[in-house]
Number of protein chains: 2
Amino acid sequence: MSPRPASRRAVTVADIARAAKVSKATAARALGDYGQVSDAVRSRVLAAAEELNYRPNALAKSMNTGRSNTIGVVVGDIENPFFAHAMRGISDVANAAGYDVILTNSDEDVDAEEAAVDVLLDKQVDALIVAPASSARVSHLAAVADAGRPLVLLDRRADGHSYDSVTVDNRAAAAAATSELLAEGHRRIAFISTHDHPAPEYTPGERITMSSVADRVAGVMETLATAGIPSPETHIRLDARRRGVDAVARELLDADEPVTAIIASDSLIAMTVFQVIRTLGLRIPDDVSLIAFDNPEWTGITTPPLTVVEQPIYELGAAAARRALARIRGEQVDDEAVVFAADLVRRASVAAAPRPAPLRIAAAFTESSDA
Amino acid sequence: MSPRPASRRAVTVADIARAAKVSKATAARALGDYGQVSDAVRSRVLAAAEELNYRPNALAKSMNTGRSNTIGVVVGDIENPFFAHAMRGISDVANAAGYDVILTNSDEDVDAEEAAVDVLLDKQVDALIVAPASSARVSHLAAVADAGRPLVLLDRRADGHSYDSVTVDNRAAAAAATSELLAEGHRRIAFISTHDHPAPEYTPGERITMSSVADRVAGVMETLATAGIPSPETHIRLDARRRGVDAVARELLDADEPVTAIIASDSLIAMTVFQVIRTLGLRIPDDVSLIAFDNPEWTGITTPPLTVVEQPIYELGAAAARRALARIRGEQVDDEAVVFAADLVRRASVAAAPRPAPLRIAAAFTESSDA
DNA sequence: CTGAAAGCGCTTACAG
DNA sequence: CTGAAAGCGCTTACAG
């Protein structure tokens, strides 16, 4: 009713108690809606709070209760549609349960990730959800357990640890995409990822430090190998950010034995590949087939619309939040890893492999010697 | 060096003080790096902290200092690329200054926004950045000033208030897009927004509750009016979410006097319009010209690539964070409103207006009577 | 149901 | 430079 000027000094339970002529404990009980308070006192306290425009200090409350009702999240980059989408799933579930979310970007840098985890822990978050930049360098995550707080890994696992995780079955997804291409007669199938790696090429047995990418590479290679393709690692390309996705795609397409199909590890990569194919004067899918991971809306309106591997990203985030909340509440959770399946959404960027006119004989020879 | 089991009870300055055989005050000074401490004592304390795996409690610190080093942000929807991008700008600037960010989605709902602001205030954020869902219903924002904390409005102003704000010159941007179309001979130019409104049609003088949209509508109408187009409100469409962007676009394109150009108020709307135009068997830009607000990468790879109004979104967020920090530090800031210009990026979705064969005479008459 | 006291983990004057 | 005490704004036993 009465407007009040902004006061430097915040009004506290002590002020309310004084105004309502009760003890701080009683005022706090009425305000915080806990313990026993008579109706008469309660309304007196609430009226005073209203009158003085009281605002509880959540920090002080957290100090006592030991709970901040906050979940800390560390993702690679919130601008990445993948994480933006997952973040929405996390927020929705967390908010519905009365929790807030503190967001931090690691830029896929382990040191930044470690710093973020420390800050979040110091801020007393009740649980942490992190998409580890590396599945190999994860020692800093032990600090979460040391602080006695739940940790849920998003999209990526931590090698050698059984932390709770919510991931997608990337191996199966990559295998499905590869099979789709193989069924159309493709033999030279490329996979392009921007994940950091010592070199753009992949040597069998080498460790790929992000589990999601490692799983995809494994899925592609296994499927290729099973189909009898020799040296299935030949067209695997990692670390494409450093050399440039466009340069990598160009090399693959411009080679003596050009690839006839490309699997892009995310939609941003697909966008660049799409442009390079066009710039080279090639047609999709006549000359080159393309499958992208992730299904942002735009993939449906390009010419041609893209065949994609759709991941349940929102659900991934929601499930991570649900697991975090379950751990906070100390609920019994039997399985530690939640794994979602991805779907292959068939549109129009995949077609039969073009017949390589000049190389046909040689290729036939090579292949028959394997059969 | 020595592994330690997770302890329920966190180690505090008191523990460190005891281990280092100094007072809590001294331990705190060494740990917090403030006040005076001799080198000998400092290293003794730091060693103890290391040994006991000490973690400062940021909440307790905030209780004393009155600062949480946290900025609260309320956006419409983090999944919206616009906000995801702006959020990146906010985070980068905030983090660089040692601040964390608590993110909340309002879903463009004023009640949810109010609740979010309250929670954030209770969590003692040092400043708030909000993209108000309505420029008309903003009374709840007064709570921020009441709590003595800075508020910066993002992308949208609050009618009748001089809160700090960081926006884009939407009026000029919409005018530029309209002029571009007018120059190509278009006379029936539509503008489509999903912003909530009592009806899809717009009646001159009616209030549009989101300043960014209101500015765009004003820019379009003024430019149309200046060009001598009668009833410039004719093809303005709001509230398109309720009826469906596709239905709205279809009506505009299927009318007796169909529009020959469409300005989409964001890239999501543009995507749907793009599809509807195609579904109708029409060509861009031969039959219909299209200009979209925002410039996500995909707009460059469609056939044809889209002409767009590019807003400096990241900068918008960064500037909002900078202003918030300046206010937190109590710096003198002269101008209250920061306004960025948007750029028209010409690609290939705009062409000369098609000649409406059957209506040509009538149209010519109408137009000459205006000249 | 209500109140006085202690405590959450730090920081801040105030003495020495 | 160091320490004892009080305090930040709440909540939590413990009495009554």
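Note that these values count all heavy atoms, side chains included, but never hydrogens, waters or copies made by symmetry. Letters A, B, ... are given to chains in the order of the sequence lines, protein chains preceding strands, and every chain is numbered from 1.
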Practice problem: To the nearest Å, give me how far apart CZ (Arg18(A)) and P (dC10(D)) are. | Solution: 12 Å

Practice problem: Let me know the distance between CG of Asn69(B) and P of dT11(C), rounded to the nearest Å. | Solution: 12 Å

Self-check item: Contact nearer the 5' end of DNA chain C, comparing Asn57(B) with Lys24(A)
Solution: Lys24(A)

Quiz item: Considering only heavy atoms from C-beta outward, does the side chain of Leu141(B) approach that of Glu113(B) to under 4.5 Å?
Solution: yes

Practice problem: Tell me what Arg67(B) touches on the nucleic acid: a base, only sugar-phosphate, or nothing, going by heavy atoms under 4.0 Å. | Solution: nothing

Practice problem: Quick one: do Arg88(A) and Asp107(B) satisfy salt bridge (charged side-chain N to carboxylate O under 4.0 Å, His left out)? Show the steps, please. | Solution: CA-CA 11 Å; Arg88(A) 204 45 177 29; Asp107(B) 283 323; 2.3 Å; yes

Quiz item: Just how far, in rounded Å, is C1' of dG9(D) from CG of Asp15(A)?
Solution: 10 Å

Quiz item: Please walk me through it: do Thr167(A) and Asp155(A) pass side-chain contact (heavy atoms from CB on, under 4.5 Å)?
Solution: CA-CA 4 Å; Thr167(A) 59; Asp155(A) 187 50; 5.5 Å; no

Exercise. Report yes or no: do Lys123(B) and Ser68(A) form a side-chain donor-acceptor pair below 3.5 Å?
Key: no

Self-check item: Spacing of Met63(A) atom CE relative to dC8(C) atom C1', expressed in whole Å
Solution: 4 Å

Quiz item: Partner of dG3(C) by Watson-Crick or G-U wobble geometry, both contacts under 3.5 Å, or none?
Solution: dC14(D)

Practice problem: Assign each of Val22(B) and Ala14(A) to its nearest nucleotide of DNA chain D by heavy atoms, then name whichever residue's nucleotide is nearer the 5' end. | Solution: Val22(B)

Quiz item: Side chains of Ile129(A) and Val74(A): closer than 4.5 Å at any heavy-atom pair?
Solution: no

Quiz item: Taking the side chain of Thr12(A) as its heavy atoms from C-beta onward, which of dT12(C), dG9(D), dT12(D) lies nearest to it?
Solution: dG9(D)

Self-check item: For atom NZ of Lys123(B) and atom C1' of dC10(D), their distance in whole Å
Solution: 15 Å

Quiz item: Can you check whether Leu121(A) reaches Val144(A) side chain to side chain, under 4.5 Å on heavy atoms?
Solution: yes

Quiz item: For Asn64(A) and dA13(D), what is the distance between atoms CG and C1' respectively, to the nearest whole Å?
Solution: 12 Å

Self-check item: d(CG, Leu59(A); P, dC8(D)) in whole Å
Solution: 15 Å

Self-check item: Option among Val45(B), Val37(B), Thr26(B) that satisfies the side-chain contact (heavy atoms from CB on, under 4.5 Å) test with Leu31(B)
Solution: Val45(B)

Practice problem: Kindly point out which of dC10(C), dG3(D), dC10(D) is positioned nearest to the side chain of Ser23(B)? | Solution: dG3(D)

Quiz item: Is there a residue in residues 26-45 of chain B whose heavy atoms reach under 4.0 Å of DNA chain C, and which residues are they?
Solution: Ala28(B), Arg29(B), Tyr34(B)

Quiz item: Rounded to the nearest Å, what distance is computed from the NZ atom of residue Lys21(A) to the P atom of nucleotide dG3(C)?
Solution: 12 Å

